[in-house]
Amino acid sequence: MKNIVLFASGSGSNVENIVRYFKSNPNITITAVLSNKRDAKVLERCNNLNISALYFNKSSFYEKDLVRKILKALNPNLIVLAGFLWKMPHDLIQDFPDKIINIHPALLPKYGGKGMYGNHVHQAVKENKEVETGITIHFVNENYDEGGIIYQAKTNISPEDTVQSIAKKVQALEYEHFPRIIEKLLIKG
Ligand code: GAR
């Protein structure tokens, strides 16, 4: 049995999509969803999906090492960041080499870095009159959005596209590819 721990702090639509994708797979389980936002919609989704979820604060993540201890106890095969915006602590990255992945809603190395998340990314893409955008699934290192790229998928955009329509196109790519790539990594590892 392979197990996944997810980190999320937003709406959690990717978490829900991943949970549903693996629901009927007897070999892969979602052990827990960890969130640094007490009121994040993802926690509500976990209740509805009957998935274990935990909230943690800055102190337990960066100072007291509690999240790292929990992860060590859970011993996940893969840690998946699905809309999680805090930087992962050094020791945690050391403990799980090549086992932490993130999804970013753009074609890295473009439109990455601190503050580049959600609609901020799509807004910048639109302002720069890009003709394409997409998703990047990558390993996590100590810098925002800089770890080795695992997979990218692209979508075309036209001048008529709005920030909202760009977001929709990117989301469609996330829903289509993220669970599939997670599965591939788990089968390989
Ligand atoms: C996703 O679009 C993901 O790519 C993005 O947050 C969104 C979460 O949506 N992540 C980043 O911007 C990371 N820099 P969700 O909560 O509905 O899954």
Side-chain angles (χ1 to χ4, degrees), residues 2 4-25 27-30 33-37 40-51 53 78-86 100-140 144-188:
K2 304 271 175 141
I4 306 169
V5 170
L6 291 152
F7 279 70
S9 35
S11 142
S13 68
N14 277 282
V15 165
E16 178 154 357
N17 184 49
I18 293 164
V19 168
R20 292 194 187 283
Y21 183 89
F22 290 114
K23 207 173 170 182
S24 53
N25 186 328
N27 302 315
I28 296 173
T29 181
I30 313 292
V33 174
L34 272 53
S35 180
N36 62 320
K37 269 206 164 173
K41 184 156 179 220
V42 66
L43 293 176
E44 196 184 310
R45 284 189 204 258
C46 289
N47 289 343
N48 296 334
L49 293 161
N50 198 24
I51 294 286
L78 202 61
I79 297 169
V80 176
L81 313 189
F84 181 71
L85 304 180
W86 284 359
I100 312 176
I101 66 168
N102 177 48
I103 189 159
H104 187 77
L107 296 169
L108 291 174
K110 281 183 159 181
Y111 305 105
K114 196 168 163 57
M116 273 297 176
Y117 62 91
N119 280 348
H120 298 287
V121 175
H122 310 313
Q123 181 78 48
V125 164
K126 179 157 177 65
E127 276 166 13
N128 287 337
K129 301 185 175 39
E130 296 283 358
V131 294
E132 62 178 18
T133 187
I135 59 165
T136 303
I137 298 167
H138 64 94
F139 288 111
V140 170
Y144 279 113
D145 305 322
E146 283 185 15
I149 291 175
I150 301 163
Y151 181 81
Q152 291 187 307
K154 291 179 182 175
T155 180
N156 291 327
I157 42 181
S158 66
E160 288 75 45
D161 270 309
T162 61
V163 170
Q164 284 70 27
S165 70
I166 295 172
K168 269 212 158 141
K169 286 180 176 180
V170 170
Q171 248 171 13
L173 291 178
E174 294 188 328
Y175 299 159
E176 181 184 351
H177 298 288
F178 202 18
R180 192 175 67 72
I181 298 298
I182 292 170
E183 189 174 25
K184 257 193 165 173
L185 287 170
L186 285 170
I187 291 167
K188 256 205 324 207

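These values consider heavy atoms only, across backbone and side chains, with no hydrogens, waters or symmetry-generated copies. In this chain, numbering begins with 1 at the start of the sequence shown.
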To the nearest 0.5 Å, atom CG of L78 lies from atom NZ of K188 at 11.5 Å

Q. Above 12 or not: heavy atoms from other molecules or residues under 6.0 Å from OH of Y117?
A. no

When rounded to the nearest 0.5 Å, the distance separating CG of N48 from CG of L43 is 11.0 Å

Sorted by chain and number, sequence neighbours left out, ring-ring contact (aromatic ring centres under 6.0 Å, His included) with H177 holds for Y151

CD1 (I181) and CD (E176) are apart, to the nearest 0.5 Å, by 10.0 Å

Separation between CE (M116) and CD (Q123), nearest 0.5 Å, reads 10.0 Å

Note to self: Using only atom types and a distance under 3.5 Å, with no angle test, would you say the side chain of K126 pairs donor to acceptor with the backbone of T162?
What the structure shows: no

Taking every heavy atom of A40 against every heavy atom of G10, the minimum-distance pair comes out as CB-O, 3.7 Å

Enclosure of N50 CG (heavy-atom neighbours >12, cutoff 6.0 Å): no

Taken to the nearest 0.5 Å, the spacing of E146 CD from L108 CG works out to 9.0 Å

Closest non-hydrogen atoms of T136 and Q152, given as atom of the first, atom of the second and distance, are OG1-NE2, 2.9 Å

Looking only at heavy atoms, the pair that brings I18 and P179 closest together is CG1-CG, 4.2 Å

Between Y21 and I182, does the side chain to side chain contact (heavy atoms under 4.5 Å, CB included) criterion hold? Intermediate values first, please. CA-CA 10 Å; Y21 183 89; I182 292 170; over 6 Å; no

Looking only at heavy atoms, the pair that brings N14 and A82 closest together is CB-CB, 4.1 Å

| field | Test item: V80 and F178 side chains (from C-beta on) under 4.5 Å apart, heavy atoms | value | yes

- Query: Take atom NZ in K37; do more than 12 heavy atoms of anything else shown fall under 6.0 Å from it?
  - Reply: no

*Is there a donor-acceptor pair under 3.5 Å between the side chain of N102 and the backbone N or O of V140?*
no

The single option from V19, I28, I79, V33 that satisfies side-chain contact (heavy atoms from CB on, under 4.5 Å) with I4 is I28

Between G134 and V170, the two heavy atoms sitting closest are O-CG1, 3.8 Å

*asked:* Around atom NZ of K2, are there more than 12 heavy atoms from other residues, nucleotides or ligands closer than 6.0 Å?
replied: yes

Legend entry - Check: D145 side chain, G113 main-chain N or O, donor-acceptor pair, under 3.5 Å: yes

Next on the checklist: Can you confirm whether K41 sits close enough to S13 that some side-chain heavy atom of one is under 4.5 Å from a side-chain heavy atom of the other?
Outcome noted: no

Result for side chain to side chain donor-acceptor pair (under 3.5 Å) between Y111 and one of E130, H122, H104 points to E130

Result for side-chain contact (heavy atoms from CB on, under 4.5 Å) between T155 and one of I166, T133, D161, I135 points to T133

*Verdict with reasoning, I150 to K184, per side chain to side chain contact (heavy atoms under 4.5 Å, CB included)*: CA-CA 11 Å; I150 301 163; K184 257 193 165 173; over 6 Å; no

Distance col, row I51:CD1 vs K23:NZ, nearest 0.5 angstrom, shows 9.0 Å

- Dump the intermediate steps for side chain to side chain contact (heavy atoms under 4.5 Å, CB included) on F84 and N36, then the final yes or no. CA-CA 8 Å; F84 181 71; N36 62 320; 3.4 Å; yes

Minimal heavy-atom distance between S35 and S9, with the atoms involved, is OG-CA, 3.9 Å

query = With a 4.5 Å limit on heavy-atom distance, are the side chains of R45 and V15 in contact?
reply = no

